[in-house]
Amino acid sequence: MKKIRTRFAPSPTGYMHIGNLRTALYAYLFAKSQHGDFILRIEDTDRARYVPDAVEFIERTLAAAKIIPDEGPHHGGNFAPYVQSERMELYKKYAEELVEKGYAYRCFCVNHEEENNSDDKKFGGYNRHCRNLSDAEIKENLAQGKPYVIRQKMPLTGETTFFDVLHGNITIANSELEDQVLLKSDGMPTYNFANVIDDHLMEISHIIRGTEFITSTPKHVLLYQFFGWELPTFIHLAPVMGKAEDGTISKLSKRHGATSFNDLVEMGYLPEVITNYVALLGWNPKTNQEIFSMEELIEKFSLDGLSKSPAVFDYNKLDWMSGEYFKAMTDEEFARAADKFFGELNENLSAKKVYLSSLLKTRVTKFSEIPAMIKFLMEMPPFDAELFINKRNKVNLEKSAEIIEPAIKILEGVENWTLETLNEKISAYIENSGLKTGTIMWPLRIALSGQKVTPGGTVEILYLLGRETSLKRLSTALKDIQAAVKAS
RNA sequence: GGCGCUAUCGUCAAGUGGUUAAGACACCGCCCUUUCACGGCGGGUUCGUGGGUUCAAAUCCCGCUAGCGUCACCA
């Protein structure tokens with residue numbers, strides 16, 4: 001059987017949209033699941049759109065997502081070069097061949113704005129002015145050095161049908177096809193031409209790309225036929241959509257928030273979470289498994305799990321999945337992965353980073369939530385009397401003062417400031433007081449954190465803060481509470 | 001507008017003529033609980049619409065509607 005070869009062919013824009021990433025992923029997964037090759041090819045035939053270092057950017061992003069090309073600009077391979085601008089001469093040769101065979105023609109029209117923008121799109125855009133120029137006219141134009149493009153000569157009648165794995169047979173009337181440009185006046189091929197030549201030359205067996213190419217596929221198919229080349233298998237993927245606040249759904253874009261792989265990484269999602277989530281956006285394994293390593297994805301992937309309808313990117317589910325990954329990590333792994341999101345920590349907290357991670361990893365959905373969550377450890381929020389009043393735990397201001405005062409005494413006597421000791425002392429205090437656990441814990445935790453919601457309870461915070469800071473915060477709070485009681 | 005693609009809970013989705021129409025996220029409730037989480041239990045909500053075909057339709061066919069795509073010397 002022929003070797004399975006797929007490719008990812010982005011244009012170098014310096015931006016990796018989630019939709020593109022998913023296309024690359026599926027192409028990669030399919031190739032790897034079939035023990036085939038995955039090729040990275042850069043489609044940079046538009047000189048105006050050139051972005052410096054974009055190729056490196058794409059390669060870095062794929063590497064971060066663990067999508068590893070077998071062949072590519074910097075990966076080598078038997079079909080090099082893998083950058084289209086470096087293959088220019090090649091396309092020219094094939095274009096000329098088409099002209100000779102009568103399947104293409106030279107067009108000397110320069111910017112026919114009027115025709116191209118007319119509402120009467122009978123000819124699909126271009127009015128085919130040069131389609132039937134006489135040899136003499138062509139010769140003369142050439143002699144004058146007039147610039148020209150080479151256009152594909154579409155059949156005027158009949159229809160073209162191609163098979164798509166997801167959509168079945170798709171038929172489009174040839175009359176719908178315009179005489180598209182194959183070779184631009186600067187000698188560069190257009191996407192629609194280079195793509196066909198390269199896919200054939202690079203022996204691509206399966207073309208996996210977005211639905212936006214369905215309509216242009218018949219033109220490509222015709223090209224394959226003109227050359228007498230074997231057709232690859234087509235798989236057109238449904239787009240990734242986004243849901244705006246007003247509920248409208250459209251192709252995922254900036255107005256939906258982060259839309260690139262890198263945006264997501266910067267927000268603090270693990271690369272493997274992004275790949276895992278994106279893999280499931282439009283593909284299902286036919287089992288209830290949702291957490292997949294790249295190895296499992298490769299093992300389980302199959303084309304018939306692909307869905308042909310658009311999928312909406314759901315940040316909720318991404319968050320959930322991210323949380324699942326965090327919970328599965330050891331404290332050390334979490335601490336390491338989250339490192340740059342901790343920000344500037346003081347000496348005490350730096351030393352307790354791993355412990356802090358154990359508290360954080362079940363409470364955070366992405367790393368970027370960390371700073372806000374741990375800020376109170378570095379800096380005590382302003383006093384807020386209201387926080388000490390809690391009905392459920394039966395505490396008010398007076399009660400809080402009554403609870404905090406003895407607690408300070410007890411804690412002052414603690415030499416060995418460890419979780420175990422602190423837990424023992426506080427538990428003993430609760431038992432002796434005859435009060436409910438919550439009644440004691442609530443005011444202490446508020447006094448220590450100044451926050452209603454904290455990562456961890458009283459004992460954890462005492463330990464995190466350390467002896468000195470804890471005692472200082474408690475007595476400050478006590479004073480503030482007493483003042484507040486007096487004032488009321 | 002022409003052409004093309006798509007249509008099952010709010011979202012991801014299973015489902016391929018006979019099912020109580022899975023599961024997950026989100027949401028709501030309850031339990032656990034020293035906050036918040038974690039964990040456990042339970043709940044509601046879905047086949048766009050109108051016609052067929054059939055004993056039987058979410059599944060097959062046709063129309064309609066809606067969404068998306070495409071109509072470049074962009075990819």
Side-chain angles (χ1 to χ4, degrees), chain A residues 9-13 43-46 48-49 107 109-111 116-117 119-122 124-126 147-151 164 166-167 170-173 175-178 180-192 194-195 209-218 236 238-239 241 243 247-251 277 280-284 286-290 305 307-321 323 327 359-364 373 390 392-393 423 426-427 430 436-442 444-446 449 451-461:
Chain A
S11 59
T13 57
E43 312 231 332
D44 62 343
T45 53
D46 185 0
R49 281 220 210 166
C107 169
C109 299
V110 225
N111 262 345
N116 290 349
N117 293 332
D119 291 331
D120 178 22
K121 295 256 171 89
K122 252 195 179 144
Y126 171 62
Y148 65 88
V149 300
I150 292 180
R151 285 184 186 272
D164 181 285
L166 254 48
H167 303 280
I170 294 177
T171 301
I172 291 182
S175 57
E176 291 293 324
L177 310 176
E178 70 158 319
Q180 64 174 348
V181 172
L182 264 19
L183 210 66
K184 309 181 206 178
S185 53
D186 66 0
M188 280 285 193
T190 57
Y191 162 80
N192 287 308
N195 151 269
R209 79 228 304 189
T211 40
E212 64 269 31
F213 294 111
I214 283 188
T215 340
S216 46
T217 303
H236 287 97
M241 314 294 280
K243 191 177 194 171
T248 53
I249 289 175
S250 54
K251 206 166 173 179
Y277 175 69
L280 261 27
L281 244 199
W283 173 74
N284 87 81
K286 311 268 169 146
T287 63
N288 284 335
Q289 185 180 351
E290 302 210 73
S307 76
K308 49 185 174 175
S309 45
V312 176
F313 192 95
D314 182 3
Y315 290 94
N316 269 328
K317 185 131 190 184
L318 211 216
D319 283 347
W320 164 78
M321 190 175 279
K327 277 174 258 171
L359 296 175
L360 252 20
K361 72 178 187 183
T362 56
R363 282 162 240 260
V364 142
M373 201 158 275
N390 184 279
R392 188 176 163 215
N393 288 308
N423 206 9
I426 298 283
S427 299
I430 292 169
K436 273 187 60 181
T437 308
T439 310
I440 303 272
M441 293 296 201
W442 181 272
L444 289 177
R445 195 175 56 84
I446 300 294
S449 69
Q451 281 180 188
K452 196 170 174 181
V453 176
T454 51
T458 304
V459 173
E460 287 81 8
I461 295 170

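Below, chain A is the first sequence line, B the second, and so on; all start at residue 1. Computed from a prediction, not measured in an experiment: that's the story for all the values here.
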*Can you tell me the distance, in whole Å, between the CH2 atom of A:W283 and the C1' atom of B:G23?*
15 Å

_Minimum-distance pair of heavy atoms, taken over all atoms of A:H236 and A:I214_ = CG-CG1, 3.5 Å

*Quick one: which of B:U6, B:C74, B:A13 gets closest to the side chain of A:N284?*
B:A13

*Which whole-number value in Å describes the distance from A:E460 CD to B:C38 P?*
16 Å

*Complement of B:U59, any strand, by Watson-Crick or G-U distances under 3.5 angstrom*: none

_Pairwise 5' ranking along RNA chain B for A:T362 and A:N316, keeping only the more 5' one_ = A:N316

_Spacing of A:K317 atom NZ relative to B:A26 atom P, expressed in whole Å_ = 9 Å

*Could you check how far CD of A:E176 sits from C1' of B:G1, rounded to whole Å?*
11 Å

*So does A:R445 reach the base of B:U35 with its side chain, donor to acceptor, closer than 3.5 Å?*
yes

*Take atom C1' in B:U8 and the same atom in B:U49, then report the distance between them in whole Å.*
15 Å

*asked:* Measure CG/A:D319 against P/B:C12 and give the value in whole Å, please.
replied: 16 Å

*Picking from B:A75, B:C3, B:G23, which would you name as closest to the side chain of A:I172?*
B:C3

*Where do A:D46 and A:R49 land on the salt bridge (Lys or Arg N to Asp or Glu O under 4.0 Å) test, with the steps shown first?*
CA-CA 6 Å; A:D46 185 0; A:R49 281 220 210 166; 3.7 Å; yes

_Nearest-neighbour nucleotide for the A:T458 side chain, B:C73, B:U34, B:C38 considered_ = B:U34

_Short side-chain N/O contact from A:T45 to OP1 or OP2 of B:A75, under 4.0 Å_ = yes

*Quick one: do A:Y191 and A:F213 satisfy ring pair (Phe, Tyr, Trp, His ring centres under 6.0 Å)? Show the steps, please.*
CA-CA 11 Å; A:Y191 162 80; A:F213 294 111; 5.0 Å; yes

*With both distances under 3.5 angstrom, what nucleotide forms a Watson-Crick or G-U wobble pair with B:U6?*
B:A66

*Using the C1' atom on both, measure B:A21 against B:C3 and round to a whole Å.*
35 Å

*Does a donor on one side chain sit under 3.5 Å from an acceptor on the other, for A:N390 and A:N393?*
yes

*Base, sugar-phosphate alone, or nothing: which one does A:G210 contact when heavy atoms must sit under 4.0 Å apart?*
nothing

_If I compare all heavy atoms of A:T437 with all of A:I430, which pair ends up nearest, and what's the gap?_
CG2-CD1, 3.8 Å

*Using the C1' atom as the reference point in each nucleotide, state the distance between B:C5 and B:C9 in Å, no decimals.*
24 Å

*asked:* By nearest atom, which of the nucleotides B:U6, B:C71, B:A75 is closest to the A:F213 side chain?
replied: B:A75

*Please determine, by modelled atom types, if A:T454 and A:R363 share a side-chain donor-acceptor pair under 3.5 angstrom.*
no

*For A:T437, report the nucleic acid contact type (base, sugar-phosphate, nothing); a contact means any heavy atom under 4.0 Å.*
base

*Partner of B:U20 by Watson-Crick or G-U wobble geometry, both contacts under 3.5 Å, or none?*
none

*With a 3.5 angstrom cut-off on both distances, give the Watson-Crick or G-U wobble partner of B:A13, or none if there isn't one.*
none

_Watson-Crick or G-U wobble partner of B:C30, both distances under 3.5 Å_ = B:G40

*What nucleotide among B:C73, B:G69, B:A7 has an atom nearest to a side-chain atom of A:S185?*
B:C73

*Looking only at side-chain atoms of A:D314, point me to the closest of B:C74, B:C38, B:G10.*
B:G10

*Rounded interatomic separation in angstrom, taking CD from A:E178 and C1' from B:C71*: 7 Å

_Considering every strand and a 4.0 Å limit on heavy-atom distances, what is the contact class for A:S307: base, sugar-phosphate, or nothing?_
sugar-phosphate

*Could you please name the partner base of B:U45, counting Watson-Crick and G-U wobble pairs only when both distances are under 3.5 Å?*
none

_Can you check the distance between B:C31 and B:A22, where both ends of the measurement are the P atom (answer in whole Å)?_
28 Å

*asked:* On RNA chain B, does the nearest nucleotide to A:N192 precede the nearest nucleotide to A:Y277 from the 5' side, or the other way round? Give the residue.
replied: A:Y277

_What's A:D44 touching, base or sugar-phosphate or nothing? Going by heavy atoms closer than 4.0 Å._
nothing

_Heavy-atom pair of closest approach, residues A:T45 and A:P189_ = CB-O, 3.2 Å

*Starting at CD1 of A:I426 and ending at P of B:U35, how long is that distance when rounded to a whole Å?*
15 Å

*Look through every strand shown and name the nucleotide pairing with B:G1 as Watson-Crick or G-U wobble, where both distances are under 3.5 Å.*
B:C71

*Using the P atom in both, what is the distance from B:A57 to B:U19, to the nearest Å?*
10 Å

*When you get a sec, tell me which of B:C12, B:U11, B:C38 is the closest nucleotide to the side chain of A:K243?*
B:U11

_Tell me whether the side-chain N/O atoms of A:K251 come closer than 4.0 Å to OP1 or OP2 in B:G67._
no

_Over all strands shown, is A:V312 touching base, sugar-phosphate only, or nothing at heavy-atom distances under 4.0 angstrom?_
sugar-phosphate

_Checking A:T211 against A:H167: is there a side-chain donor and acceptor pair closer than 3.5 Å?_
no

*Quick one: is B:C38 close enough that its OP1 or OP2 comes under 4.0 Å of any side-chain N or O from A:K361?*
no

_Pairwise P distance, B:C30 and B:C36 [rounded to whole Å]_ = 13 Å

*Side chain of A:R363: nearest nucleotide among B:U6, B:A37, B:C74?*
B:A37

*asked:* By the 4.0 Å heavy-atom rule, please label A:T171 as base, sugar-phosphate, or nothing.
replied: sugar-phosphate

*Under 4.0 angstrom, heavy atoms only, what part of the nucleic acid is A:T454 near: base, sugar-phosphate, or nothing?*
base

*Between B:C32 and B:A24, how far apart are the C1' atoms? Round to whole Å, please.*
24 Å

*Side-chain contact, heavy-atom cut-off 4.5 Å: A:Y126 with A:V181?*
no

*If we take the P atom in both B:C64 and B:G17, what is their distance in whole Å?*
27 Å

*For the side chain of A:T190, starting at C-beta, report the closest nucleotide among B:C73, B:G69, B:C5.*
B:C73

_It should be established whether A:H236 places a side-chain nitrogen or oxygen under 4.0 Å from OP1 or OP2 of nucleotide B:C5._
no

*So, A:E460 and A:R445, do they make that salt bridge, N to O below 4.0 Å?*
no

*What is the distance, rounded to the nearest whole Å, between atom CG of A:N390 and atom C1' of B:U33?*
14 Å

*Of the nucleotides B:G69, B:U34, B:A7, which one has an atom closest to the side chain of A:T215?*
B:G69

